[in-house]
Peer 1: 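Below is the structure I would like to discuss, written out as structure tokens.
Remember, predicted model here, so these are calculated numbers, not experimental data.
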Amino acid sequence: MPSANKPISGNQKAYLAIKKLISDGDLPEGSPIRQEEIATSLGLSKIPVREALIRLESEGFIKFTPNIGATVAVFTVNDHLEMLDIRLALECKALELAIPNIISKDIENAQQILNQYSQAKTEQERSDLNMQFHHCIYAPSMRPRLLQMISSAQNQMGKVLRQRVSQVAGYKRSHEQHQEILDACANADTNKAVKLLKKHIEQTQKEVLAYFRHIDQLSKRS
């Protein structure tokens with residue numbers, strides 16, 4: 001995250017802008033990325049945009065194809081399941097490292113997020129609060145690179161898919177599991193908290209499969 005006293009570079013500005021467009025679904029999977037249009041909209045030259053795209057390619061968000069150029073990466077169901085395998089490993093480790101450092105204020109902040117989650121009216125709100133909750137309980141791990149890797153893995157699922165999975169899951173089940181994880185954190189029960197988190201993410205994998213099965217059934221009917 002850029003310092004308040006240090007202006008953001010053109011490369012970083014383009015990177016964050018394009019990544020947000022992809023994660024929010026404004027640039028759907030498979031869509032072309034028009035470098036000149038993006039550069040103009042951001043008030044940049046094409047060079048920092050190109051550098052940002054190379055970085056996004058290394059993170060798996062886009063794909064360069066000869067004679068075609070840059071397009072948003074298309075993820076299969078197996079790609080999403082693999083990303084959740086990565087999340088499973090990274091997030092369980094982050095929580096394991098975080099619990100010894102968690103203080104009452106961290107628990108209070110996480111509980112406030114869960115209270116907001118229970119009152120949320122839209123899938124987008126629930127999806128955003130879900131991510132906030134997870135980051136809140138991982139933050140005490142004090143492992144910025146690990147947290148950045150987790151954010152990247154979560155963002156690759158994209159906001160649209162996260163919302164759909166949230167619909168499949170049902171907010172009550174998610175809320176109950178989040179509360180159980182938080183209670184274990186509050187009791188400094190690392191083994192129980194990590195076990196509950198593992199179960200929670202594995203359930204998400206099942207929901208991703210259910211979502212893609214639903215999409216496949218719809219496509220066969222049309």
Peer 1: Applying side-chain hydrogen bond (donor to acceptor under 3.5 Å, both in side chains) to H135 and Q154, what does each step give before you reach the verdict?
Peer 2: CA-CA 11 Å; H135 285 291; Q154 290 174 336; 2.7 Å; yes
Peer 1: Got a list of side-chain donor-acceptor pairs under 3.5 Å for residues 57-71, not counting sequence neighbours?
Peer 2:
{"unit_1": "S58", "atom_1": "OG", "unit_2": "R55", "atom_2": "O", "d": "2.6"}
{"unit_1": "E59", "atom_1": "OE1", "unit_2": "Y15", "atom_2": "OH", "d": "2.8"}
{"unit_1": "E59", "atom_1": "OE2", "unit_2": "Y15", "atom_2": "OH", "d": "3.0"}

Peer 1: So do L95 and C185 actually touch side chain to side chain, heavy atoms under 4.5 Å?
Peer 2: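 Yes. Closest side-chain heavy atoms under 4.5 Å.
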Peer 1: For A98 and P140, which heavy atoms make the closest approach, and how far apart are they?
Peer 2: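 The pair with the smallest heavy-atom distance is O-CB, 3.7 Å.
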Peer 1: When you compare the side chain of E180 with that of H200, does any pair of heavy atoms fall below 4.5 Å?
Peer 2: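 No. Closest side-chain heavy atoms not under 4.5 Å.
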Peer 1: Verify side-chain hydrogen bond (donor to acceptor under 3.5 Å, both in side chains) between Q179 and Q111, making sure each step is shown before the conclusion.
Peer 2: CA-CA 8 Å; Q179 190 64 63; Q111 188 62 63; 3.0 Å; yes
Peer 1: Verify the neighbour count for atom CD1 of I47: are there more than 12 heavy atoms of other residues, nucleotides or ligands below 6.0 Å?
Peer 2: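 Atom CD1 in I47 is not crowded, with 12 or fewer foreign heavy atoms closer than 6.0 Å.
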Peer 1: Does any non-hydrogen side-chain atom of I137 lie less than 4.5 Å from one of D106?
Peer 2: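 No, their side chains stay 4.5 Å or more apart.
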Peer 1: May I ask you to decide if the ring planes of H134 and Y138 are parallel, tilted or perpendicular, using 30° and 60° as cut-offs?
Peer 2: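 Geometry flag for Y138 against H134: tilted rings.
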Peer 1: Once rounded to the nearest 0.5 Å, what's the spacing between atom CZ of R87 and atom NE2 of H80?
Peer 2: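 Rounded to the nearest 0.5 Å, the CZ-NE2 separation comes out at 12.0 Å.
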Peer 1: Go through the steps to decide whether E51 and I54 satisfy the test side chain to side chain contact (heavy atoms under 4.5 Å, CB included), and finish with yes or no.
Peer 2: CA-CA 5 Å; E51 291 172 347; I54 291 172; 5.5 Å; no
Peer 1: Would E202 and K198 pass as an ion pair if we require N to O under 4.0 Å?
Peer 2: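 Salt bridge present between E202 and K198.
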Peer 1: Calculate, to the nearest 0.5 Å, the distance between atoms CG and CG belonging to D85 and L90 respectively.
Peer 2: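 With rounding to 0.5 Å, CG (D85) is 11.0 Å from CG (L90).
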Peer 1: Taking all atoms of both residues into account, what is the closest heavy-atom pair of K19 and L56, and its distance?
Peer 2: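 It is CB-CD2, 4.0 Å.
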Peer 1: CD1 of I18 to NZ of K20: how many Å apart, nearest 0.5 Å?
Peer 2: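 Going from the CD1 atom of I18 to the NZ atom of K20 covers 13.5 Å.
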Peer 1: Take atom CD of E82 as the centre, draw a 6.0 Å sphere, and report whether it contains more than 12 heavy atoms from other residues, nucleotides or ligands.
Peer 2: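 No, the 6.0 Å shell around CD holds no more than 12 heavy atoms from other groups.
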Peer 1: Using the ring of each side chain (for Trp, its six-membered ring), is H175 parallel, tilted or perpendicular to Y117, with breaks at 30° and 60°?
Peer 2: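 Correct class here is parallel.
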Peer 1: Less than 4.5 Å apart, side chain to side chain, heavy atoms only: is that true for Q177 and L196?
Peer 2: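 A side-chain contact under 4.5 Å is absent here.
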Peer 1: Looking only at the side chains, is there a donor atom on one of N115 and S118 sitting less than 3.5 Å from an acceptor on the other?
Peer 2: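 No donor-acceptor contact under 3.5 Å links the two side chains.
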Peer 1: So does K93 pair up with E96, basic N to acidic O under 4.0 Å?
Peer 2: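 E96 and K93: salt-bridged.
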Peer 1: Is any side-chain heavy atom of L146 closer than 4.5 Å to a side-chain heavy atom of L97?
Peer 2: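 Yes; the side chains approach each other to less than 4.5 Å.
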Peer 1: Compare all side-chain heavy atoms of S141 with those of L147 and state whether any distance is below 4.5 angstrom.
Peer 2: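 Yes, their side chains come closer than 4.5 Å.
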Peer 1: List the atom of L53, the atom of Q35, and the distance in Å for their closest heavy-atom pair.
Peer 2: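 Heavy atoms only, the tightest pair is CD1-CG, 3.4 Å.
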